[in-house]
Structure formats: structure tokens, C-alpha cells
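Heads up, the thing below is written out as C-alpha cells.
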Amino acid sequence: MGRAPSYLELSLFSVMWSEHCGYKNSRPLLKRFPNQGRRVLQGPGENAGVVEIGDGWALAFKMESHNHPSAVEPYEGAATGVGGIIRDILAMGARPVALLDSLRFGPLSEERNRYLFREVVRGVGGYGNAVGVPTVGGEVEFADAYSGNPLVNAMCIGLIRVDDLMRSSASGEGNLVVLLGSKTGRDGIHGATFASDELTEESESKRSNVQVGDPFCEKMLIECCLKLLGEGMLVSLQDLGAAGLTSSASEMAASGGVGIEIETDRVPLREGGMEPWEVMISESQERMLAVVEPDKAEAVLKMAERYELVGAVVGRVADHGDLRVIHEGEVVGTVPAGYLADAPVYEREVVRPTYLDEIPSLSPEDLPQPENYNEVLLKMLSHSNLCSRRSIYGQYDHEVGTDTVVPPGADAAVMRIKGTKLGFAAAADGRGRHCYLDPRGGGAATVVEAYRNLSCLGAEPVAATDCLNFGSPEKPDGYYQLAECIQGMAQACEAFGTPVVSGNVSLFNETDRGAIYPTPTVGMVGVLKDVNRHSTPAFKREGDMVVVIGKGWRSSLAGSEYLEVVQARIAGRPPEPDLTAEKEYSDLVRRLVADGLIDTAHDISSGGEAVALAEMVLAGGLGVEYERVKAGLLADGHGGRRTDMALFGENGASFLVAVPEERWDELQKALGGVPHDSIARVGGDGIKIGNLIDVGLDDLREAYERDLFETHAPEGGHIG
Amino acid sequence: MPETLKIRVLVRPKAGILDPQGEAVRSALPALGFGGVKTVHVGRLIELEVESTDDVDAMCRRLLSNPSIEEYEWEVVS
Amino acid sequence: MPETLKIRVLVRPKAGILDPQGEAVRSALPALGFGGVKTVHVGRLIELEVESTDDVDAMCRRLLSNPSIEEYEWEVVS
Amino acid sequence: MGGRLLRIGVTVFPGSNCDRDALYVVGRMGAEAVELWHADPDLKSVDAVIVPGGFSYGDYLRPGAIARFARVMGPLEEFAKEGGPVLGVCNGFQVLTEAHLLPGALLRNTHMRFVCDRVRVRVETTSTPWTAALSPGEELTLPVAHNEGNFFAEPGTLSCLEDEGRVVLRYLENPNGSANDVAGVCNEGRNVVGVMPHPERVSDPALGSDEGLRLLRSVLVGAGV
Ligand SMILES: Nc1ncnc2c1ncn2[C@@H]1O[C@H](COP(=O)(O)OP(=O)(O)O)[C@@H](O)[C@H]1O
Ligand SMILES: [Mg+2]
């Protein structure tokens with residue numbers, strides 16, 4: 001800018017250019033994601049992506065990480081993560097209607113991990129429940145790699161009329177800039193820069209600037225903003241996130257090609273003696289910034305009052321392209337808004353890490369074959385990565401709004417849209433171990449998992465959002481994992497026609513115990529033309545035939561759940577996802593549901609065929625029995641392979657569906673040349689697989705329906 | 001059996017940290033006909049009966065308060 | 001402007017009334033290696049700055065505590 | 001009131017979040033939904049009032065503690081004393097106990113967790129405007145979603161509630177530690193009912209059940225509509 005920046009200007013740059021805001025390392029790589037599509041109304045670049053879903057309706061959605069804040073203060077970290085993503089959706093003008101959370105923790109054998117897990121779940125619920133947006137799905141996994149560095153990714157979906165879409169770009173010289181919501185305090189000063197540091201002993205002491213969420217204020221903010229938008233009182237709207245006023249104002253100005261002047265002494269403050277730079281970068285929660293025509297300002301402030309919110313005119317839109325900070329009538333800082341919005345980018349060389357070649361390859365021959373498969377199945381079902389998530393989503397209000405058609409517990413959640421036949425489905429997935437063993441394949445498999453989960457419900461996947469949780473990109477391994485996972489995800493999204501319309505990056509997820517598994521998480525939404533035509537994994541009728549569709553029997557133990565849980569090994573390279581088959585079979589299953597031919601479907605994923613069958617039994621409370629003949633077939637692993645591989649091996653591109661016998665011919669016709677096999681029948685009071693497995697429903701339940709939390713855990717506190 | 005001590009622990013939000021409860025109560029008071037209240041802060045009161053005070057401070061740090069957002073004080077009341 | 005008084009209000013569950021929070025804390029203590037804690041009760045601490053103490057008792061009765069399940073005490077601390 | 005469309009008011013406090021659900025369901029009941037804003041001391045001549053669930057004033061201090069002082073509560077208390085049908089759902093139940101329109105209080109769930117689930121309850125009395133259309137002893141499956149649903153009343157009060165048949169709904173599986181498995185109660189006049197479960201969430205076959213709608217429509221029967 002041709003002169004030495006002042007301290008205030010420096011702090012603006014430092015917060016804006018930190019990874020958290022500027023995507024220094026990831027921006028060039030993100031270009032690989034497809035982001036176009038016939039349904040896309042808004043791709044990356046706005047507060048959230050938006051896709052059209054029919055009848056004049058659109059969905060705005062985005063996923064965001066709050067990993068570091070949650071590692072330091074789990075309850076508030078998770079809560080403010082939820083609050084933040086809700087405001088991104090609100091900024092598009094949409095009413096937030098669904099939340100999902102994607103979580104990672106170290107093993108629950110460690111007290112600190114139990115504490116983080118408990119308080120994060122409480123934080124997600126504490127905020128989401130109070131603000132009245134149902135938490136309808138998510139996922140959670142436990143692994144050593146996340147000890148001390150939990151992952152907390154929150155996704156929000158908003159519903160909006162296509163015509164009512166809002167944008168954040170400021171316009172109209174002389175228009176006023178209004179700050180709505182709560183007062184500004186010293187919350188998270190330098191939090192934005194902190195969020196991209198590695199966690200160290202020292203960062204533990206940064207606690208004093210922890211941000212505390214106020215879901216009550218957020219609820220008022222949602223209703224107030226939607227009312228203002230409904231009455232056409234706003235020119236543009238933007239949430240305040242990392243870097244507070246600085247990023248919001250500069251982004252609004254830059255995208256509108258105008259300037260914005262902020263008078264810091266007009267900002268309502270919570271504490272005295274705040275410096276202008278503190279006001280500019282404060283990350284106080286529950287605030288939105290709006291551009292308003294002068295003659296509407298008074299009405300806007302009145303509305304804020306009606307909703308018990310603080311509202312104040314804090315600046316104006318100017319024709320110069322600068323973000324100007326004014327204090328007591330004096331300009332104390334001037335920065336071209338574009339400078340702030342466009343941080344410099346780094347491109348790095350991609351070098352294959354040596355660890356990938358050191359991962360022991362898997363030769364099943366030297367794996368001992370289990371004696372007792374009943375025990376193996378129960379051990380799998382009770383494992384913290386496979387057991388029921390009820391003890392988590394039972395703490396989340398997943399029904400408020402009265403639109404939840406398929407609640408948590410199925411492969412994805414299904415929501416209706418009142419006054420239409422339309423519905424949408426949403427799922428969040430991540431595959432950290434797979435991405436560690438094979439970054440590119442794992443990246444693709446992450447997208448595949450979400451695509452499959454939506455298809456199981458009968459929804460047509462239309463677009464995705466993502467959260468890229470990685471270690472340090474300044475280390476070759478970290479950068480390789482980032483680049484390769486993105487490549488794999490991009491290929492899958494390309495193949496599936498599901499553009500990535502929004503996302504978020506969280507790098508430097510490392511502690512003195514090392515880096516996390518590379519863990520991109522994907523949130524995908526799908527459309528149901530008739531929301532009543534959906535399926536669930538639950539068996540519904542005695543006597544139904546159970547059919548495996550796809551590659552069920554060509555499964556592998558490499559990097560599988562079975563290998564880790566039962567054989568205590570993390571080895572091998574999981575099979576390369578077959579994108580063509582995944583799409584073909586997913587689309588087929590979806591058509592079967594849409595045509596009303598099947599109402600029972602589940603994908604074969606972690607834990608393989610036996611676990612998938614057990615999940616369907618547990619969901620429906622009806623047993624299943626392998627027909628004797630076929631059991632033999634399976635006992636030698638669907639054609640000469642190991643039994644454990646046949647039961648618990650993973651591969652993907654495979655589903656289990658159930659139909660009444662009288663529709664079997666119809667189904668076979670519909671399946672045409674697609675590999676399938678009628679393997680079992682719904683009936684009995686447990687799971688029976690030939691002479692291999694025979695476990696009663698009660699034992700299945702006891703193993704699966706585990707409470708992942710200590711009973712009567714006290715609130716808050718800081719344990720460990 | 002050893003006679004016990006009654007301990008009173010007061011936990012309150014750290015200075016500068018947002019206190020949504022206190023704020024909500026304060027802004028509600030005038031409507032309820034209670035004027036002249038300048039500030040309100042809401043915290044926790046914990047009362048313990050213990051055999052010795054040795055562990056009390058550790059309990060406050062590790063379980064009864066959340067040092068990242070709260071401060072505490074404790075005293076023997078009897 | 002009138003100088004203000006600092007009031008401290010303590011609200012606790014009435015004797016005999018179930019106190020899930022206190023119970024949760026008590027049952028968590030041993031696991032953390034804290035023995036010898038006989039009873040734990042969790043209540044609320046409310047700190048007010050007021051211009052006069054006239055209304056304080058009414059506030060406690062009508063808003064800050066629920067007399068059917070809680071008891072309160074208040075004092076001027078400065 | 002004959003054939004006239006019943007007007008049912010739904011109070012909206014800051015932080016209420018089931019108000020829109022309630023307004024929607026009133027429409028499905030075949031009644032006219034009227035929003036009652038907390039700051040307006042006016043019931044807009046409605047025939048019945050639903051105090052919906054949510055987190056009025058963030059549940060700060062105690063659930064319902066602040067909301068009960070809202071301006072709309074004055075006329076609402078009058079309406080209740082004159083025998084007008086009032087239903088408090090979840091946070092609405094909490095508000096009505098804080099306002100002393102219903103006995104007892106709702107304490108923290110004993111297991112210290114928010115609970116969102118569907119639970120079986122038994123209809124203990126049909127002599128209230130909100131259960132008149134159900135059959136005594138009938139079992140319903142209703143959603144619950146709360147942190148403080150643990151009903152408490154002094155032993156004397158509790159036995160009096162039992163003796164006078166003022167326990168309206170009883171849990172068949174107790175989700176929160178509630179005394180005598182109480183899920184809902186009514187006042188002495190039986191016109192004010194509070195329930196922790198959310199009937200409005202099961203008022204639509206599209207959501208798997210409309211048992212809640214049957215409960216809510218009782219008030220129309222009572223009103224002879
Ligand atoms: N953290 C969570 N929050 C809410 N719902 C969750 C969470 N974790 C899992 N679930 C729900 O539990 C069910 C099973 O989750 P998961 O095993 O990840 O499904 P899948 O294997 O089909 O992806 C899903 O309905 C999911 O939405
Ligand atoms: Mg699945």
C-alpha cells in the first residue's frame with residue numbers, strides 16, 4: 001500500500017491473512033473442486049452455497065470447523081461453532097432448518113477425551129436446542145490420532161425462496177452500515193490468528209478470551225433478520241465471524257466494489273476502554289452487519305428493539321474502495337478492502353510421504369481366523385465406532401420445527417418442506433483412517449459414503465459442502481495429504497455431479513502427540529420429489545427377502561473396521577473406490593425407492609455385511625435368517641474367500657434391500673444386469689447366518705445400544 | 001467418625017466474559033417493576049461437607065469451576 | 001448519580017428437595033480421586049449492583065428464587 | 001359457540017421456539033391461529049391459549065422464571081381464572097408453574113441430560129378441555145425434548161393431585177425422574193393443563209403419527225365445535 005501500516009492496520013492484516021480467514025495454503029487447491037451445476041444458485045465465495053430444489057425453493061448450506069476453540073473450551077467451543085454456522089446461513093436470507101455435527105475424539109479410555117466428548121455434545125445440544133434448529137444428523141469417530149485435538153465440524157442447512165436470496169456485497173454510496181445483535185466485548189481478540197496455531201501448553205493460557213455463546217440472543221437475531229428481510233428493509237447482510245467487523249466490513253466492501261467507513265466509537269460495547277483495533281477484530285458472537293438505506297435505518301433499529309437486540313448505525317458505504325476506521329472523528333486506519341479480502345497464497349510442492357510406503361501391507365493369510373463369530377459380531381457392534389449413536393442424538397432436539405420425517409438413526413436424515421410434496425435429505429461423513437492409509441482414495445471414499453447414504457433414503461444427491469481438517473500444510477506430509485484428499489474428493493464430486501458449493505478449512509491440527517488423521521468431512525444434501533417415498537434401514541415385515549446389491553462379496557479387510565477392532569491392526573490399502581459402480585448402484589437404489597418398489601435399504605459400510613444386517617435388525621426389531629443354501633456359499637466367503645472377510649470385509653458399492661416375496665420378480669427385473677443376490681429372509685428374533693452366527697435380539701441390543709457417556713456426569717467443570 | 005466442615009464455594013463468570021444470564025435478568029428487571037439495578041451477574045453456589053479442606057481447592061479447579069471462563073472463591077462456613 | 005450497593009444473593013435447593021446437580025457432582029468426585037466429601041449441594045449465586053436495598057427482598061422472592069423449591073439469603077457486601 | 005371457527009392464541013415469548021409449530025398445528029386442528037406477542041397485554045379475544053415450548057428468555061435463571069412476568073401474562077392469568085382453556089407445552093408448562101397457574105415445579109432431569117425421545121404415556125383423566133376427546137387409560141406415544149421435565153410437588157400437593165384426579169398424563173417409561181411419573185397436570189378448575197410432551201410434534205401422518213392432533217382437538221369438542 002506504499003507506506004508503513006499503523007498498528008491498527010497491522011492487526012487488521014494479521015487477523016485477515018491468517019489461514020482461518022485467508023486460506024493461504026488451501027485456496028489454490030480448492031480450485032480443483034467442481035462448483036458448477038444446473039441447480040447451483042450460489043457457489044463458493046458467499047457465506048454459504050445455495051442450490052435450487054424445485055417449487056421455487058432453495059437450500060443454503062455450509063459446514064464449518066471449530067476444532068481449536070473446542071479443544072480449549074469444549075462446551076463453548078462447540079456451542080459457538082453451531083452459532084457461527086447458523087449465522088452464515090442466515091446471512092443468505094434463509095431460515096436455518098437443520099443442523100448436523102461431525103465429531104472426532106481420542107479414545108474414551110482417556111479421561112480428558114471423555115470430558116471433551118461429553119462437553120462438546122452438551123455444547124452442540126445446548127446451543128442448537130435453545131435456538132430451535134433441530135440437529136438431525138452427524139457422525140462421530142474415536143481414534144488415538146485425535147487425542148488432545150478433537151474435531152468439531154458443524155453443518156447448517158437453511159430454507160429459502162429462490163427469489164428471496166440475499167447477498168453480502170455492499171452497495172449504494174451513503175447507505176448506512178448497521179450492527180445488529182449483542183454488544184461487542186474483548187471476546188477472542190486475536191482468536192482468528194490463534195485458531196491457526198498448533199495447540200501448545202502456552203495456548204492453554206489463552207483461555208481468558210474464550211467466546212461464550214448466547215443462543216437466546218441468536219434466536220432473536222434470526223427472527224429479527226428474517227423479519228427485516230421479509231419487509232425488504234436490508235440492502236445486504238453479513239455475519240460477523242472470525243476477525244469480526246474487520247472481515248465482515250472488508251468482505252462486504254470488496255465484493256460490492258465499494259468502500260466502508262466504520263466509526264468504532266459508535267459500536268455498542270460491553271466493556272469500557274476498548275481500543276479501536278480491539279473493536280475492529282473482536283469476535284463477540286451473535287452479531288450481524290447490514291447495509292441499510294438511510295431512510296429505513298430508523299425502522300431497522302426499532303425492529304432490533306422489538307427483538308431485544310442491540311442495534312446501532314456504525315458506519316456508511318463510501319465510493320472509495322477502502323475499509324476506513326474512524327475514531328472520534330479521526331481516520332485511524334485505511335486499508336484497501338481488496339487487500340484484506342485477498343490474502344497472498346502459497347503453492348507448495350507435493351511430495352509423497354514415506355509413511356505411506358511404511359504402512360504394513362496386509363496378507364490375510366497370517367491373520368488368525370476367529371473361532372466364535374457370535375462374539376466377533378457382538379464385539380464389533382459394541383465398539384465405540386460402530387455402536388448406536390442414540391446417546392448422542394438423544395441429547396439433541398431433532399424434532400423442533402415439525403419437519404423431521406426421518407430422524408437420526410438412519411443413513412441420512414429426511415426433512416419435509418411444509419406445503420409441498422418436496423423433501424430433502426442430509427448426511428455428514430468422514431473417513432479419517434482411510435484418508436491416512438490412502439489420501440486420494442480416502443478423499444473419494446468420503447464423498448462416496450455421503451452419496452450412498454443419501455441414496456439409501458431415496459434422495460437424489462445434489463451438492464456438497466466440506467470441512468478440510470488437516471495437520472500442518474507447512475510439513476510435506478500434511479501438504480501431500482491435503483492435496484491428495486482434495487484430488488480424490490474432487491474426482492468423486494465430478495463423477496457424481498455433486499458440486500462443492502461451500503466449505504471451510506482447518507489446518508494445523510497437531511499437538512505434541514503429532515498430527516490428526518487427515519480428515520476431510522463432507523456434508524451432502526439430496527432432494528426427494530415426494531418426501532413420503534423414502535426408505536429406511538429398518539426391516540419392516542416378516543418374510544421379506546433380503547437382497548444384496550452390488551459388490552457385496554468382493555470385499556476386503558485392508559484398513560477395515562474389523563481389522564482394527566478385532567485383529568487390532570491398522571494395515572493395508574483399502575480398495576480403490578469404484579466411482580462408476582458407486583454411482584450406478586446408488587442411482588439404481590434411489591430409483592427403486594422413488595418407484596415405491598422398496599422401503600427398506602441400507603448401505604454396506606464400516607463393519608461390512610454382517611454389521612449392516614445387524615443394524616437393520618436392530619432398527620426394525622425384526623430378525624433375519626440366511627437361507628441355508630446361501631449360508632454355505634457365504635461360509636466360504638462368496639466363492640473361496642475367508643469367512644471373516646465375507647462377513648466383515650468392506651468394499652463399498654453395495655447395498656442391502658428388503659422386499660416382500662411377491663415383488664421379488666419385479667425387483668429382479670428392475671435390477672437387470674446389476675450384480676445382486678437374494679441372501680436372507682426377515683424373520684426370527686435375532687440374526688442367524690447359517691451355522692456361523694446366531695445371536696438373539698436382546699444380546700444384539702445390549703451390545704449395540706451403549707451409552708457412550710458416564711451416567712450422571714456433572715456440568716461444566718474442567719477435568720484432566 | 002471425623003466431624004465435618006461446611007464449605008461454601010462461589011463460582012462466577014470471569015471479568016470481561018459474556019454473562020448472558022446476568023444480562024437477560026438485568027434487562028428484564030425494569031419490566032417487572034424493579035428499577036435501579038445497575039448490573040446483574042449470575043454464577044453458581046456450591047456447598048460441600050468435607051472431612052478436610054486439603055482437596056477443596058483442587059476440586060474447585062478441576063470440577064466445580066471452569067477456569068477457562070469462571071473464577072471461584074471458597075471459605076469454611078462452619 | 002447515587003452510589004451503588006453490591007448485593008450478594010445465594011439461592012439453594014430447599015432441604016429435602018432433590019438436587020440432581022449436587023448429586024451429579026458428588027458422584028463424580030471419587031472417580032477424580034476426591035474422597036471424604038459427605039454432601040454436595042448446587043445452587044445459584046446472583047450478584048447485583050443496586051441503588052437501594054428496598055426492592056431486593058421482593059426480587060429474591062418473586063424472580064431470583066422459586067419459593068416452592070428454593071430458599072434464599074442476601075447480604076450487602078459493599 | 002356453535003359453528004364459529006375457534007380462535008386459539010399462541011403466546012410468543014423471546015426465545016420461544018415451538019411457537020411456529022403450535023401456530024401451524026392450530027391450523028391443522030381446524031381453528032384460527034392467533035399470535036399473542038409477549039409485550040402486548042391483549043389476548044385478542046381468543047377462545048383458548050397454547051403456551052408453546054422452547055427456551056423463553058434462554059431458560060436463564062430458571063425455565064419460565066422471566067417469561068411469567070411478560071405483559072401478556074396479566075390477561076392470560078385473568079383468562080385462566082375465568083375458566084378459559086390454557087395448555088402449556090414443555091417450556092409452556094414451566095411458565096405456567098412459575099406463574100402459579102399450575103402446582104409444583106419442573107426440576108432438572110435426574111440424569112442431568114437433555115432428553116429428546118418418544119415416550120409412552122397414559123391418559124389419566126379426560127375431564128379437561130385438552131383431553132376430552134381421548135379415552136381414559138388410553139396410551140399415547142408422544143415426543144419429549146427437555147432439560148427440566150422432572151416434576152416436583154410437596155408430598156401433600158402431590159397426593160392431593162392424585163386424589164383429585166389432576167394428573168392428566170403419566171409416563172409409562174419415565175424419562176426424567178418425575179415424581180409419580182407425572183407427565184402432565186391440571187389446575188383445580190381443570191381448565192389449565194401443563195404437559196412436558198409435545199403433542200404438536202405428532203400431529204401429522206407425514207411425521208409418523210397424529211396422536212397429538214387428537215389430543216389437541218379435544219378443545220374443539222369441549223367447545224362444542
Ligand atoms: N454426532 C452426531 N450427531 C447427530 N447424529 C449423529 C451423530 N453421530 C451419528 N449420528 C446419527 O447416527 C446414525 C448413524 O451414524 P453413522 O454410523 O455415521 O451412519 P452411516 O454409517 O450410515 O454414515 C446416523 O443417522 C447419524 O446421523
Ligand atoms: Mg450408511
Side-chain angles (χ1 to χ4, degrees), chain A residues 95 118 121-122 124-135 213-220 222-224 305-309 390-408 414-419 421 423 531-532 534 707 709-715, chain D residues 12-25 27-28 37-40 52-61 63 66-67 70 90-91 108-119 142-147 175 177 197-208 212-213:
Chain A
R95 172 174 286 275
R118 185 187 82 221
V121 168
R122 269 190 176 148
V124 171
Y127 204 99
N129 297 345
V131 82
V133 180
T135 302
D214 181 358
F216 169 58
C217 180
E218 180 107 335
K219 171 65 173 170
M220 296 290 93
I222 293 172
E223 299 305 329
C224 180
E305 214 172 285
R306 174 178 165 89
Y307 287 95
E308 330 231 319
L309 296 170
R390 183 181 302 277
S391 59
I392 300 172
Y393 60 74
Q395 296 182 56
Y396 299 158
D397 187 341
H398 42 76
E399 294 195 288
V400 61
T402 60
D403 290 323
T404 310
V405 175
V406 176
V414 174
M415 308 290 293
R416 70 166 173 185
I417 297 171
K418 287 191 182 88
K421 285 181 74 180
V531 70
N532 296 319
H534 63 262
D707 185 346
F709 302 85
E710 313 96 320
T711 39
H712 297 272
E715 210 121 56
Chain D
V12 181
F13 300 106
S16 297
N17 65 28
C18 304
D19 48 328
R20 299 171 67 247
D21 301 353
L23 289 162
Y24 176 76
V25 162
R28 286 186 53 79
W37 185 249
H38 66 96
D40 307 336
F55 287 65
S56 59
Y57 291 93
D59 273 4
Y60 295 142
L61 213 51
I66 303 178
C90 199
N91 185 243
R108 194 62 194 276
N109 300 345
T110 40
H111 49 62
M112 290 289 291
R113 291 191 207 168
F114 187 95
V115 54
C116 179
D117 202 351
R118 292 194 175 193
V119 297
L142 300 177
V144 290
H146 57 252
N147 242 323
H198 286 270
E200 80 281 5
R201 295 185 180 189
V202 276
S203 295
D204 202 330
L207 303 182
L213 189 61

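In what follows, every chain begins at residue 1, and chains take the letters A, B, ... in the order their sequences are listed. What you are looking at is a predicted structure, and each value in this text was computed from that prediction instead of being measured.
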Check your understanding: For A:R390, does the CZ atom have more than 12 heavy-atom neighbours from other residues, nucleotides or ligands under 6.0 Å away?
Key -> no
**Study point:** Nearest non-hydrogen partners of D:F55 and A:N129, listed with the distance
**Key:** CE1-O, 3.3 Å
Practice item. Flag the one option from A:A130, A:G126, A:G125 with the top tally of heavy-atom pairs under 4.5 Å to chain D. Key: A:A130
Check your understanding: Measuring heavy-atom distances to chain D, does A:N532 have an atom under 4.5 Å in its side chain, in its backbone, in both, or in neither?
Key -> side chain
Revision key, fill the gap. OG of D:S56 to NZ of A:K219, rounded to nearest 0.5 Å, is 12.0 Å
Check your understanding: Is it true that A:D707 and D:R113 make a salt bridge, defined as a side-chain N closer than 4.0 Å to a carboxylate O?
Key -> yes
**Study point:** Residue pair D:R201, A:D397: steps toward the side chain to side chain contact (heavy atoms under 4.5 Å, CB included) verdict
**Key:** CA-CA 12 Å; D:R201 295 185 180 189; A:D397 187 341; 2.9 Å; yes
Exercise for review: Taking the six-membered ring for Trp and the full ring for Phe, Tyr or His, determine whether the centres of D:Y57 and A:F216 are under 6.0 Å apart.
Suggested key: yes
Practice item. Kindly determine whether A:V400 and D:H198 satisfy side chain to side chain contact (heavy atoms under 4.5 Å, CB included), including the steps that lead there. Key: CA-CA 10 Å; A:V400 61; D:H198 286 270; over 6 Å; no
**Study point:** Residue part contacting chain D, namely of A:D214, when any heavy atom lies under 4.5 Å
**Key:** both
Exercise for review: Against chain A, label D:D204 side chain, backbone, both or neither, depending on which of its atoms sit under 4.5 Å from a heavy atom there.
Suggested key: side chain
Revision key, fill the gap. To the nearest 0.5 Å, atom CD of A:E223 lies from atom CG of D:N17 at 9.5 Å
**Study point:** A:Q395, part contacting chain D, at a heavy-atom distance under 4.5 Å
**Key:** both
Practice item. Could you look at A:V406 and say if it's the side chain, the backbone, both or neither that has a heavy atom under 4.5 Å from chain D? Key: neither
Point to revise | Exercise: identify the closest heavy-atom pair between D:E200 and A:T402 | key: O-CG2, 3.7 Å
Practice item. Using salt bridge (Lys or Arg N to Asp or Glu O under 4.0 Å) as the criterion, list what pairs up with D:D19, not counting sequence neighbours. Key: none
**Study point:** Part of D:S16 within contact of chain A (heavy atom distance under 4.5 Å)
**Key:** backbone
**Study point:** Flag if over 12 foreign heavy atoms under 6.0 Å of CZ, D:R20
**Key:** no
Check your understanding: Should the pair D:W37 and A:Y307 be assigned to parallel (<30°), tilted (30 to 60°) or perpendicular (>60°) ring geometry?
Key -> perpendicular
Check your understanding: How long is the span from the SG atom in D:C116 to the OH atom in A:Y396, to the nearest 0.5 Å?
Key -> 12.0 Å
Review point. What residues form a ring pair (Phe, Tyr, Trp, His ring centres under 6.0 Å) with D:Y24, not counting sequence neighbours?
Key: none
Check your understanding: Which atoms form the tightest heavy-atom contact between D:G15 and A:M220, and what is the distance?
Key -> N-CE, 3.3 Å
**Study point:** Heavy-atom pair with the smallest gap, counting every atom of A:D403 and D:L207
**Key:** C-CD2, 4.2 Å
